[in-house]
Amino acid sequence: MSARFLLPAAMLLLCAALAGCASSAERQAEQDKLNKRAETHVLLGSGYMQRGQLEVAKQELDKAYQLAPDNSRVNSMMALLQWRLNKPDEAARHFRKAVAAEPPNPEAWNNYGVFLCELGKIDEALTWFQRAAANAFYRTPEEANLNAGVCLMKKPAPTVAEKYFREALRINPGLPGGLYQMAKISLDSGQALSARGFIERYFQAAEDTPESLLLAVKIERALRNKNAEASYALRLRGKFPASPEAGQVQTLSGARKK
């Protein structure tokens, strides 16, 4: 058979391939449009969730899910909403879709780790925290390390947790959660002076909380610095008079006087 008879068949194959490419490109362009529309609803839903308007948030996220049911961000936010609504099975289903989607979504991995940790699945949670922290495109790997440490404290495994807290602080030296946790671990291990250093750095980086002020009271008490202890105690009672921590300070003060 001569080449001139093969040419039309080859041209037909080429045309078919080009048509397939065009069709694939069109499908991708359409999906990109749907993802952008879904993203708008995700942002709206996230805002409503932050304001506690969960019913309206669900309406927005349902619209996002209808547009892009396989989108990782859509499923991750839907999972967080279902978690807030106390529907762990639904939350788990959406989290699994979020972490399996392409392209990789390390933020979803971190959120899934927090979810698993809340369920007591510490080792499984740790795997997702590690994956998130190791991803080069994850913008806040310190958060994944901090969450891993906090999760490990539930075992408790403070020695292993400390490694994650220190890594979080290596990445972000002013991370309040890391500083607070290191102050707590240091005090518990008898290193009160080191604990003071961490809690002072914490107060430079974050607002006062009842928990942080009570910890500061305990640190200064361990260091036998009565003036600093009294100062932190006064600050705690002045800012958070109705808190359980303020009540604990009263108990500590009473025990000191006896």
Side-chain angles (χ1 to χ4, degrees), residues 49-52 80 83-84 86 110-111 113-120 122 125-126 129 140-257:
M49 280 180 63
Q50 290 174 9
R51 293 191 292 274
L80 292 174
W83 190 6
R84 287 276 299 275
N86 197 28
N110 178 61
N111 290 339
V114 175
F115 174 73
L116 291 169
C117 186
E118 286 292 314
L119 296 179
I122 295 174
L126 199 62
F129 291 137
T140 55
E142 66 272 24
E143 293 293 341
N145 280 292
L146 174 61
N147 288 334
V150 170
C151 193
L152 281 164
M153 291 295 285
K154 292 187 176 185
K155 276 194 169 185
T159 303
V160 185
E162 182 177 345
K163 295 178 181 178
Y164 286 96
F165 294 141
R166 289 192 179 278
E167 176 61 14
L169 290 172
R170 184 192 67 78
I171 299 168
N172 181 359
L175 185 67
L179 294 168
Y180 174 83
Q181 293 294 339
M182 282 304 304
K184 191 174 180 181
I185 284 179
S186 298
L187 179 63
D188 290 344
S189 62
Q191 302 176 64
L193 196 59
S194 177
R196 174 193 276 171
F198 283 115
I199 202 65
E200 286 179 347
R201 286 169 58 192
Y202 170 89
F203 289 126
Q204 291 172 3
E207 298 290 329
D208 290 354
T209 65
E211 296 83 3
S212 61
L213 288 169
L214 178 60
L215 180 57
V217 168
K218 291 179 178 179
I219 290 169
E220 295 304 333
R221 185 170 193 185
L223 291 169
R224 299 182 180 180
N225 187 330
K226 294 182 181 180
N227 289 336
E229 178 188 347
S231 176
Y232 281 122
L234 183 64
R235 203 155 121 191
L236 173 54
R237 288 195 296 265
K239 287 190 170 185
F240 310 100
S243 67
E245 289 78 10
Q248 290 183 51
V249 164
Q250 289 293 109
T251 302
L252 288 172
S253 299
R256 178 182 283 279
K257 291 176 183 177

What I want to find out is whether Lys218 reaches Glu245 closely enough, with some N-O distance under 4.0 Å, to be called a salt bridge. no
Would you give the length of the straight line joining atom [atom1] of [X] to atom [atom2] of [Y], rounded to the nearest 0.5 angstrom?
{"X": "Ser243", "Y": "Leu213", "atom1": "OG", "atom2": "CG", "value": "8.5 Å"}
{"X": "Ile219", "Y": "Asn225", "atom1": "CD1", "atom2": "CG", "value": "12.0 Å"}
{"X": "Glu162", "Y": "Ser186", "atom1": "CD", "atom2": "OG", "value": "6.5 Å"}
{"X": "Met153", "Y": "Tyr164", "atom1": "CE", "atom2": "OH", "value": "14.5 Å"}
{"X": "Leu215", "Y": "Glu220", "atom1": "CG", "atom2": "CD", "value": "10.0 Å"}
{"X": "Arg84", "Y": "Met49", "atom1": "CZ", "atom2": "CE", "value": "5.0 Å"}

Go through Gln191 and Ser189 one step at a time and tell me if the side chain to side chain donor-acceptor pair (under 3.5 Å) criterion holds. CA-CA 6 Å; Gln191 302 176 64; Ser189 62; 3.1 Å; yes
Just by modelled atom types, is the Ala216 backbone N or O under 3.5 Å from a matching donor or acceptor in the Arg221 side chain? no
From CA spacing to verdict: side-chain contact (heavy atoms from CB on, under 4.5 Å), Gln181, Phe198: CA-CA 9 Å; Gln181 293 294 339; Phe198 283 115; over 6 Å; no
Any pair with a residue in residues 167-179 that passes side chain to side chain donor-acceptor pair (under 3.5 Å), sequence neighbours left out, goes on the list, sorted by first then second residue, please. Glu167-Arg170
If every non-hydrogen atom of [X] is compared with every non-hydrogen atom of [Y], which pair is closest and at what distance?
{"X": "Leu152", "Y": "Ala161", "value": "CB-CB, 3.9 Å"}
{"X": "Pro210", "Y": "Leu236", "value": "CA-CD1, 3.8 Å"}
{"X": "Ala233", "Y": "Val249", "value": "CB-CG1, 3.6 Å"}
{"X": "Lys154", "Y": "Ile122", "value": "CB-CD1, 3.9 Å"}

Determine, using ring centers only, whether Phe203 and Tyr232 are less than 6.0 Å apart. yes
Report, as yes or no, whether the 6.0 Å neighbourhood of atom NZ on Lys239 holds more than 12 heavy atoms from other residues, nucleotides or ligands. yes
